[in-house]
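One structure is given here, and the rest of the page talks about it.
Read the numbers this way: they start at 1 and go in the same order the structure lists the ligands and their atoms. Side-chain atoms are counted along with the backbone in the values below, which use heavy atoms only and exclude waters and symmetry mates.
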Amino acid sequence: MLEARRDLRMSTVTTIAAVRAQVAEWRAARERVVFVPTMGNLHAGHVSLIEAARRHGKRFVASIFVNPMQFGPNEDFAHYPRTPALDAQMLADAGCDLMFMPEVGEIYPNGADQATRVEVPGISNILCGEFRPGHFEGVATVVAKLFNIVDADVAIFGEKDFQQLTVIRRMAADLCLRVEIVGAPTVREPDGLAMSSRNQYLDEAQRKLAPTIYRQLQLAVAALKSGVREYAKIEAAGRAALDGAGFRTDYFSVRDAKTLAPAKSDTKYFVVLTASRLGKARLIDNVQYTAG
Ligand code: PAF
């Protein structure tokens with residue numbers, strides 16, 4: 001557990017100008033700035049990002065912004081859990097120096113619909129992108145804006161959102177951004193379920209079923225480890241097991257972990273990813289494996 005410290009020093013700001021002024025002071029003092037972008041409703045998974053942040057620099061900035069641009073018209077933007085007071089306490093306890101909690105109008109002064117967009121082609125339209133059109137454009141756009149606002153040396157993203165991390169790495173490289181992107185391992189509940197704000201949408205019975213996702217990913221990786229290279233069979237088995245248990249699976253896929261292209265016979269860095277719906281929740285998870 002993180003000890004409570006420095007909580008009197010955390011500033012909470014809502015404007016871009018205030019973030020820039022504070023970060024400029026730190027940069028002038030040659031202090032390394034680490035940034036953790038979030039949509040709030042922080043849980044232990046976020047705490048691991050915060051711990052990673054502490055290892056990478058002296059000053060730590062977190063943003064809390066539920067980004068309308070990354071939600072589709074029928075998605076959960078309005079209902080996405082918002083717990084700003086708890087988030088602020090958690091960040092303060094974790095030693096955060098600056099919490100940036102802007103209103104939508106600060107980030108999108110002309111409205112999200114009219115804003116200039118950042119599109120990362122190819123990898124944004126596969127896997128989750130196929131089922132959530134425009135989602136990764138919304139993510140890439142807001143993250144590019146936040147990077148320009150915070151001007152951090154390092155930014156930390158969870159590996160649970162593996163495709164998001166891949167999109168952001170590609171965007172940062174393509175746009176020659178100076179920020180270093182660091183991935184932090186997925187944090188799981190004791191039964192294996194990956195931590196996510198959306199786990200709250202599960203009722204008791206669904207919550208008991210939810211760790212099936214991780215078990216199926218582990219079985220897929222076990223097959224890869226044992227030398228199976230018939231990816232279609234691995235994928236069909238994972239999907240059938242999830243659907244048979246009561247999930248509605250969007251995809252269960254064996255991919256190259258660097259490019260997210262379908263795995264080939266000579267693939268070395270694998271990631272098995274899935275998105276599966278259970279009741280009101282759409283759960284995503286993945287497991288990586290490097291062939292020896
Ligand atoms: O992963 C999230 O919480 C969001 O997609 C992010 C990166 C903060 C962008 O809104």
**Request:** Could you pull out all residues at least two apart from Tyr269 that satisfy ring-ring contact (aromatic ring centres under 6.0 Å, His included)?
**Result:** none
**Within 45° cone and under 6.0 Å: Arg82 NZ/CZ vs Phe77 ring** = yes
**Identified salt bridge (Lys or Arg N to Asp or Glu O under 4.0 Å) partner of Asp97 from the options Arg32, Arg59, Lys58** = Arg59
**Message:** Starting from atom 1 (O) of ligand 1, what is the nearest protein heavy atom, named by residue and atom, and what distance separates them?
**Reply:** Gln164 NE2, 2.8 Å
**Message:** Please list the nearest protein heavy atom to atom 3 (O) of ligand 1 with its residue and the distance rounded to 0.1 Å.
**Reply:** Met39 CG, 3.5 Å
**Item:** Minimum-distance protein heavy atom relative to atom 10 (O) of ligand 1
**Value:** Gln70 OE1, 2.6 Å
**Close-contact set for ligand 1 against Val142 heavy atoms, below 4.0 Å** = 9 (C), 10 (O)
**Message:** Connecting only ILVMFWY residues whose side-chain heavy atoms lie within less than 4.5 Å of each other, what is the rest of Met195's hydrophobic cluster?
**Reply:** Val187
**Asked** Looking only at heavy atoms, is any part of Thr38 under 4.0 Å from ligand 1, and if so is it the side chain, the backbone, or both, or is it neither?
**Response** backbone
**Prompt:** Same cluster for Tyr214 and Leu224 if Ile/Leu/Val/Met/Phe/Trp/Tyr side chains link at under 4.5 Å?
**Reply:** yes
